[in-house]
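The structure under discussion appears below in the form of structure tokens.
Per chain, numbering begins at 1; letters A, B, ... match sequence-line order. These numbers come from a predicted model, not from an experiment.
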Amino acid sequence: MTTDAPPRPKARAPRGFQDRRADALATERRILTAVSRVYESYGFEHLDTGAFEYADALGKFLPDADRPNEGVFALQDDDEQWMALRYDLTAPLARFAAEQWDSLPKPFRRYAYGPVWRNEKPGPGRYREFLQCDADTVGSDRPEADAEIIAMAVEGYAAAGLPRSAYALRINNRKLLNGLLSAAGVNDAGQKLAVLRAVDKLDRLGPEGVTALLGAGRKDESGAFTRGAGIGSAATDAVLAFVEAGRDTRAGTLDRLAQVIGGSPEGDEGLRELSLISGALGRLGVGEDQALFDPSIVRGLEYYTGAVFEADIALEAVGERGEPVRFGSIGGGGRYDDLVARFTGQRTPATGFSFGVSRLAAALAAAGATGERTRGPVVIIALDGALMSEYFAIAGELRAAGVPAEVYLGTSGMRAQMKYADRRLSPAAVIVGGDELAAGTVTIKDLDLGRMLAESVADNRTWRDDRPGQITTPRGELVAQIRRIVEAAS
RNA sequence: GCCGCCUUAGCUCAGUUGGUUAGAGCGCUAGAUUGUGGAUCUAGAGGUCCUCGGUUCGAGCCCGAGAGGUGGUACCA
């Protein structure tokens with residue numbers, strides 16, 4: 001027995017890529033629609049760009065001969081130029097704005113949504129393909145532009161269905177810490193980067209851990225050692241006082257920041273910007289609990305030059321085994337004044353925010369905030385192959401009346417067809433056999449009513465004899481009866 | 001990238017000291033019920049015991065390497 005069948009491929013999605021079915025897609029679409037409406041109400045125009053960009057347009061992560069796929073999914077075009085799937089929506093905007101600058105109304109305000117791709121290690125809530133929804137203003141250096149972006153983000157989360165207590169935007173300004181470090185004599189770029197990384201871990205490691213990372217370094221429980229920034233103890237104290245300057249109100253934090261910032265042109269500039277943002281947020285009606293100043297917010301992206309924003313979600317959720325689930329950041333953004341200049345050489349101030357749509361959808365689903373399952377169509381039971389044309393006529397009538405309907409196209413018996421309608425969560429099934437046809441009637445089963453009545457029926461004999469939720473009506477009343485059932489179901 | 005743990009049916013898992021034909025629950029398919037979902041009962045289908053190599057008369061079980069997953073850590077434009 002030597003059959004040389006070719007090896008069968010294993011049916012599996014690449015890791016970090018997910019299949020999303022109707023329920024998840026409905027949640028995503030609802031979020032996208034709601035957030036887009038908010039962006040449009042502020043005057044942002046819709047823009048879409050292609051999934052690929054030339055790699056040099058995406059920034060410093062140029063594919064090289066050794067590791068062309070580091071961080072991004074890249075491939076070589078037939079003219080040997082490297083192209084890469086976009087890893088966010090900001091870099092393509094910078095490219096577009098630079099390319100079209102002369103023909104654009106300025107400041108240029110656009111929103112965009114779509115998938116982005118990152119070729120990195122996937123984890124829980126971390127995929128290699130996910131949806132973002134961004135709004136950016138290019139060509140305004142007014143802090144009010146930042147404030148408006150923040151206000152839209154806050155409004156967007158509310159529109160997406162998050163309860164007000166479940167999220168907040170935390171706002172910081174890169175210039176504050178930069179100025180503080182200059183004043184403290186820390187000017188080395190590598191050290192500054194290490195300080196940012198240390199500060200970013202405040203919520204996880206606490207002040208002690210951050211102190212260690214600012215100084216000599218830190219050994220974690222597993223024994224791995226992380227080298228510290230190596231700044232002096234005076235600078236360390238200044239940084240700690242700074243990151244712990246957050247207060248309950250924006251004005252309170254500003255006052256405290258003024259005390260600890262140490263006096264430097266850049267730091268003062270940062271303070272002035274935050275102050276203007278604070279004033280604008282007040283006038284835009286953004287509550288103190290929705291947008292607060294938090295000096296420990298860093299954001300990884302190195303291209304941010306001023307204000308930075310991050311949205312945290314505080315939804316309580318538990319996984320399948322009752323363990324608490326953390327969703328982390330569900331959005332972020334900030335000011336990037338140098339990104340367009342990479343192309344044009346001219347400094348072009350810009351600011352924006354990015355919704356993590358996939359994460360937000362996952363969080364909403366896990367928190368049970370979107371319990372609804374998408375309903376199936378009215379199913380026309382195909383009892384008799386000779387009557388198929390009648391079945392399609394019925395489906396057509398229902399569709400014309402605005403009711404989703406489908407004729408069962410399998411070859412199974414009635415039991416399987418009813419099961420099919422049940423699994424699709426259909427509101428109703430239509431049964432037409434020889435009896436109905438002869439009598440000029442149709443039999444309609446209200447599946448929701450049946451689902452309800454089933455709870456009080458223990459034995460199957462009764463269940464089948466009673467035919468709960470089932471009525472037989474004249475053929476002419478079909479559409480009206482179905483409509484009544486469907487409207488009750490929605 | 002580094003460290004730990006894990007990998008047996010579609011899913012969750014059990015599998016004795018290394019010993020016959022690898023099991024359970026759930027799910028799936030069908031029947032009990034000529035044209036009726038749920039519940040119940042019955043039956044059936046479903047397996048590269050992650051892969052490769054080694055030890056052994058004999059490996060799901062022991063040893064080695066690799067892959068995948070997972071948790072932590074690093075990185076995250």
Side-chain angles (χ1 to χ4, degrees), chain A residues 7-8 10-12 14-16 53 55 57-62 67 70-72 84 86-91 94 116-124 126 128 193-194 196-198 200-201 204-205 209 213 217-227 298-304 320-321 323 328-329 332 336 339 342 354 376 379 381-384 387 408 412-436 443-470 472:
Chain A
R8 281 198 288 265
K10 190 171 180 181
R12 56 185 187 136
R15 64 203 181 95
E53 293 284 341
L58 282 179
K60 63 171 190 168
F61 279 77
L62 298 180
R67 300 200 291 184
E70 184 70 12
V72 298
R86 63 188 181 201
Y87 54 76
D88 70 8
L89 297 174
T90 309
V116 302
W117 296 268
R118 296 185 188 182
N119 190 4
E120 56 191 26
K121 179 183 163 187
R126 241 179 111 136
R128 292 155 97 192
L193 192 60
L196 286 181
R197 285 176 187 155
D200 196 28
K201 296 182 175 64
R204 195 153 46 83
L205 303 179
L213 284 173
R218 175 177 178 275
K219 188 184 278 191
D220 65 44
E221 307 83 51
S222 73
F225 182 76
T226 308
R227 248 188 68 189
V298 171
R299 300 293 301 163
L301 317 193
E302 281 181 57
Y303 59 62
Y304 290 129
E320 288 173 5
R321 301 182 180 183
E323 79 280 11
S329 163
Y336 50 97
L339 215 48
R342 287 188 52 240
S354 175
V379 173
I381 304 291
L383 270 185
D384 182 346
L387 299 182
Y408 180 80
S412 300
M414 177 151 184
R415 178 185 161 84
Q417 298 192 38
M418 291 301 293
K419 224 168 170 165
Y420 174 81
D422 191 45
R423 286 186 61 161
R424 295 290 304 275
L425 211 66
S426 295
V430 175
I431 304 162
V432 176
D435 298 348
E436 284 87 353
T443 295
I444 297 167
K445 184 139 186 163
D446 182 337
L447 294 171
D448 283 349
L449 189 56
R451 284 182 189 102
M452 261 169 53
L453 295 173
E455 290 168 19
S456 56
V457 178
D459 106 285
N460 188 255
R461 187 84 254 168
T462 314
W463 162 251
R464 287 168 67 121
D465 287 350
D466 284 2
R467 299 191 167 169
Q470 187 165 320
T472 298

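In terms of modelled atom types and a separation under 3.5 Å, the side chain of Q417(A) and the main chain of A382(A) share a donor-acceptor contact. The backbone N or O of E53(A) sits nowhere less than 3.5 Å from a side-chain atom of R86(A) that would complete a donor-acceptor pair. Here the side chain of Y408(A) pairs no donor or acceptor atom with the backbone of A416(A) at under 3.5 angstrom.
Residue R227(A) has no polar side-chain atom (N or O) positioned under 4.0 Å from OP1 or OP2 of A74(B). Between W463(A) and G37(B) there is a side-chain polar atom (N or O) within less than 4.0 angstrom of OP1 or OP2.
Between the C1' atom of G31(B) and the NZ atom of K419(A) lies a distance of 11 Å, rounded to the nearest Å. Atoms CG (L449(A)) and P (G38(B)) sit 17 Å apart, rounded to a whole Å. As a whole-Å value, the separation of Y420(A) OH from G38(B) C1' is 20 Å. Between the CD atom of E120(A) and the P atom of C75(B) there is a distance of 13 Å, rounded to whole Å. Regarding M414(A), its CE atom lies at a distance of 6 Å from the P atom of U36(B), rounded to whole Å. Counting to the nearest Å, the P atom of C76(B) and the OH atom of Y303(A) are 14 Å from each other. Between the CG atom of D200(A) and the C1' atom of C75(B) there is a distance of 11 Å, rounded to whole Å. Rounded to an integer number of Å, the gap from CZ of R15(A) to C1' of A67(B) is 11 Å.
Between K419(A) and D422(A), no side-chain nitrogen of the basic residue sits less than 4.0 Å from a carboxylate oxygen of the acidic one, so the salt-bridge criterion is not met. One finds no salt bridge joining D88(A) and R118(A) here, because no Lys/Arg side-chain nitrogen approaches an Asp/Glu carboxylate oxygen to under 4.0 Å.
Minimum atom distance to the side chain of L447(A) is reached by G37(B), of the listed G37(B), C75(B), U36(B). For A454(A), the side-chain atoms get nearest to G38(B) when compared with the rest of G35(B), G38(B), C28(B). Distances were taken from every side-chain heavy atom of R415(A) (C-beta onward) to each of C76(B), G35(B), G38(B); the shortest belongs to G38(B). Of the listed nucleotides (C75(B), G37(B), G35(B)), C75(B) has the atom at the smallest distance from the side chain of K201(A). Minimum atom distance to the side chain of K445(A) is reached by U36(B), of the listed G35(B), C28(B), U36(B). The V72(A) side chain lies nearest to A77(B) when the options are U36(B), A74(B), A77(B). Residue R204(A) has its side chain nearest to A74(B) when only A74(B), C76(B), U36(B) are considered.
Nucleotide C13(B) forms a pair with G23(B), judged by Watson-Crick or G-U wobble geometry with both contacts under 3.5 Å. Using N1 to N3 plus N6-O4 or O6-N4 for Watson-Crick, or N1-O2 and O6-N3 for G-U wobble, each under 3.5 Å, U70(B) pairs with G4(B). Pair assignment for U36(B) gives none, since no Watson-Crick or G-U wobble pairing has each distance under 3.5 Å. Remark: C41(B) base-pairs with G31(B); criterion is Watson-Crick or G-U wobble with both hydrogen-bond distances under 3.5 Å. The pairing partner recorded for U56(B) is none, the criterion being a Watson-Crick or G-U wobble arrangement whose two distances lie under 3.5 angstrom. When both pairing distances are held under 3.5 Å, C76(B) makes no Watson-Crick or G-U pair with any nucleotide shown. Pairing for U48(B) is absent, with no Watson-Crick or G-U wobble pair whose two atom distances lie under 3.5 Å.
U12(B) and U42(B) have their P atoms separated by 26 Å, given to the nearest Å. Nucleotides A30(B) and U36(B), compared at atom P, are 14 Å apart to the nearest Å. Comparing the P positions of U8(B) and G15(B) gives a spacing of 14 Å, expressed to the nearest Å. The same atom, P, is picked in C5(B) and in A65(B); the two are 13 Å apart, to the nearest Å. One P atom belongs to G64(B), the other to C3(B), and the distance between them is 16 Å to the nearest Å. Taking the P atom of each, G46(B) and U17(B) are spaced 32 Å apart, rounded to whole Å. Rounded to a whole angstrom, the distance from the P atom of G54(B) to that of G60(B) is 15 Å. Straight-line distance between the P atoms of C11(B) and U16(B): roughly 22 Å, to the nearest whole Å.
Of all heavy-atom pairs spanning G469(A) and L453(A), the tightest one is N-CD1, 4.0 Å. A pairwise comparison of heavy atoms in A421(A) and V379(A) identifies CB-CG2, 3.8 Å as the closest pair.
Counting any heavy atom pair closer than 4.0 Å across all strands shown, I381(A) reaches no nucleic acid atom. Looking at heavy-atom distances under 4.0 Å, D88(A) makes no contact with the nucleic acid at all. Among the protein residues, R197(A) comes within range of the sugar-phosphate backbone only, with heavy atoms under 4.0 Å from sugar or phosphate atoms but none that close to a base.
Taking the nucleotide of RNA chain B with the nearest heavy atom to each of R423(A) and R467(A), the more 5' of the two is matched to R423(A). Nearest-nucleotide mapping onto RNA chain B: of R118(A) and D446(A), the residue sitting toward the 5' end is D446(A).
A77(B) has Y87(A) stacked on its base ring, the centres lying under 5.5 angstrom apart and the planes within 30 degrees of parallel.
Contact annotation: side chain of Q417(A) to base of U36(B), donor-acceptor pair absent below 3.5 Å.
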- Should R451(A) and D448(A) be marked as a salt bridge (charged side-chain N to carboxylate O under 4.0 Å, His left out) after you check the CA-CA gap, both sets of side-chain angles, and the distance that decides it? CA-CA 5 Å; R451(A) 284 182 189 102; D448(A) 283 349; 2.5 Å; yes
